[in-house]
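Notes follow once the structure below has been shown.
First listed ligand is number 1; within each ligand, the first listed atom is number 1. Owing to the predicted nature of the structure, the values given are computational and were not obtained by experimental measurement.
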Amino acid sequence: MRLETLEILCSPLERAPLEFETRPAINGDATQFLVNHEHGLEFPIRNGIPIFVEPHQITGINGRFRKIYDRWAPFYDLLSRVGLYILGVSEHKLRKEFVEKLEIKHGDRVLSTSVGTGADLPLIPRECKYYGLDLSAGMLRVCQRRIEELGILVELFLGQAEHLPFNDETFDVVYQMGGINFFSDQGKAIREMVRAARKGSKIVIMDETEKVARRLENIPGINAWFRHHHRPIIPPRDLIPAGMEQVESCELYDGQAWYLSFRKPA
Ligand SMILES: C[S@@+](CC[C@H](N)C(=O)[O-])C[C@H]1O[C@@H](n2cnc3c(N)ncnc32)[C@H](O)[C@@H]1O
């Protein structure tokens with residue numbers, strides 16, 4: 001993690017400011033931490049990634065999905081390509097069209113609140129500052145490898161989309177692609193996206209529809225995601241906070257994806 005990133009970070013629950021601390025290694029654990037002594041807070045930095053939530057603190061459906069994503073992370077890119085192929089959707093086209101909708105401008109700070117393996121990264125304009133958060137250490141490890149291969153600068157964080165470790169009004173674009181269907185608290189995750197977005201910023205969310213869950217829930221491997229799904233997938237239009245502007249909501253790819261975007265008032 002770069003030192004300058006400190007200025008955008010806070011503790012995810014108390015929103016307290018954080019500072020760097022380096023200590024000698026004990027039992028091979030982290031030597032770098034983000035701390036706030038006044039609040040008695042410390043978050044280890046492991047392999048360059050600040051850890052804002054430990055596995056035992058992740059409960060409910062988030063805990064279940066963390067385990068699924070950790071287990072499947074090495075195969076996620078392949079499974080996702082196969083899943084999209086079965087649905088008749090080109091992954092490259094889908095991601096290219098999605099990234100275009102983000103309307104990223106030169107110098108923008110862009111946040112993905114579930115970056116996964118970073119499959120969007122090859123298509124993200126190089127001249128932005130990109131930050132990715134995810135709750136699966138396994139997915140972030142794959143993402144780190146991709147970042148190294150691409151030779152780009154990206155900051156990663158392990159945390160929950162419902163409790164973002166970022167100061168208010170930090171990002172010019174905030175997005176969520178895949179995942180939110182099964183977040184523990186979709187409303188909180190959307191309110192957090194709005195809080196972390198600067199005034200006038202675009203917020204974009206997309207995920208698969210119920211139609212897809214029905215088609216994929218019996219396919220071995222891919223069904224890991226859908227066999228636990230205990231509530232019908234409904235695009236969370238009603239959870240967009242009041243007062244947001246330019247609200248767009250539609251279904252794409254033959255009704256297989258839902259799409260929501262809106263702007264925080266300037
Ligand atoms: C379907 S994958 C999508 C990953 C990536 N956005 C993509 O387009 O390939 C969903 C991701 O959401 C992450 N995730 C699930 N629940 C989360 C939560 N509550 N907060 C943050 N990330 C979460 C998972 O670990 C996983 O990496």
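Those atoms of ligand 1 that come under 4.0 Å of a heavy atom in N62, given as number and element, are 19 (N). Below 4.0 Å from some heavy atom of G116 lie the following atoms of ligand 1, by number and element: 4 (C), 27 (O). Numbered from 1 in the order shown, with element, the atoms of ligand 1 that lie under 4.0 Å from a heavy atom of G179 read 10 (C). Heavy-atom proximity to Q160, at under 4.0 Å, picks out these atoms of ligand 1: 20 (N). Against a heavy-atom cut-off of under 4.0 Å, S136 is close to the following atoms of ligand 1: 25 (O).
Given atom 8 (O) of ligand 1, the protein heavy atom at minimum distance is R95 NH1, 2.9 Å. Of all protein heavy atoms, the one closest to atom 20 (N) of ligand 1 is A161 N, 2.8 Å. With respect to atom 2 (S) of ligand 1, the closest heavy atom belonging to the protein is Y76 OH, 3.4 Å. Nearest protein neighbour of atom 1 (C) of ligand 1, counting heavy atoms only, is Y69 OH, 3.2 Å. Shortest contact from atom 16 (N) of ligand 1 to any protein heavy atom: F183 CE1, 3.2 Å.
At a 4.0 Å heavy-atom cut-off, ligand 1 touches E162 through the side chain alone. Only the backbone of T113 comes within 4.0 Å of ligand 1, judged by heavy-atom distances. Residue contacts with ligand 1, taken as heavy atom pairs separated by less than 4.0 Å, involve M139 solely via side-chain atoms from C-beta onward.
Aromatic ring centres of Y131 and F166: separated by at least 6.0 Å.
The distance from atom CG of N181 to atom CD1 of I61, rounded to the nearest 0.5 Å, is 9.5 Å. Between the CG atom in L111 and the OH atom in Y175 there is a gap of 9.0 Å [rounded to 0.5 Å].
Here the side chains of H92 and L123 are in contact, with some heavy-atom distance below 4.5 Å.
Heavy atoms from other residues, nucleotides or ligands lying under 6.0 Å from NE2 of H106 number 12 at most. Summarising the local packing, CZ of R146 is surrounded by more than 12 heavy atoms from other residues, nucleotides or ligands at distances under 6.0 Å. The number of heavy-atom neighbours closer than 6.0 Å to NZ of K211, taken from other residues, nucleotides and ligands shown, is above 12.
Any N or O atom pair closer than 3.5 Å counts here, and M177 shares at least one such pair with ligand 1.
Taking only non-hydrogen atoms, the option from A73, S184, S114, G63 nearest to atom 4 (C) of ligand 1 is S114. Nearest-residue assignment for atom 25 (O) of ligand 1 (options D134, I61, L140, I180; heavy-atom criterion): D134. Comparing heavy-atom distances from atom 23 (C) of ligand 1 across L94, V115, L135 singles out L135 as nearest.
Q32 contributes no side-chain N or O that, together with a main-chain N or O of P44, makes up a donor-acceptor pair within less than 3.5 Å. Within the 3.5 Å criterion, the main-chain N or O of I58 finds no donor-acceptor partner in the side chain of Q160.
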Between M206 and F98, does a side-chain contact (heavy atoms from CB on, under 4.5 Å) hold up when you go through it step by step?
CA-CA 9 Å; M206 187 160 104; F98 182 81; 3.6 Å; yes

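Placement of L3 and F52 within a single hydrophobic cluster is found when ILVMFWY residues are connected by side-chain heavy-atom separations under 4.5 Å, directly or transitively.
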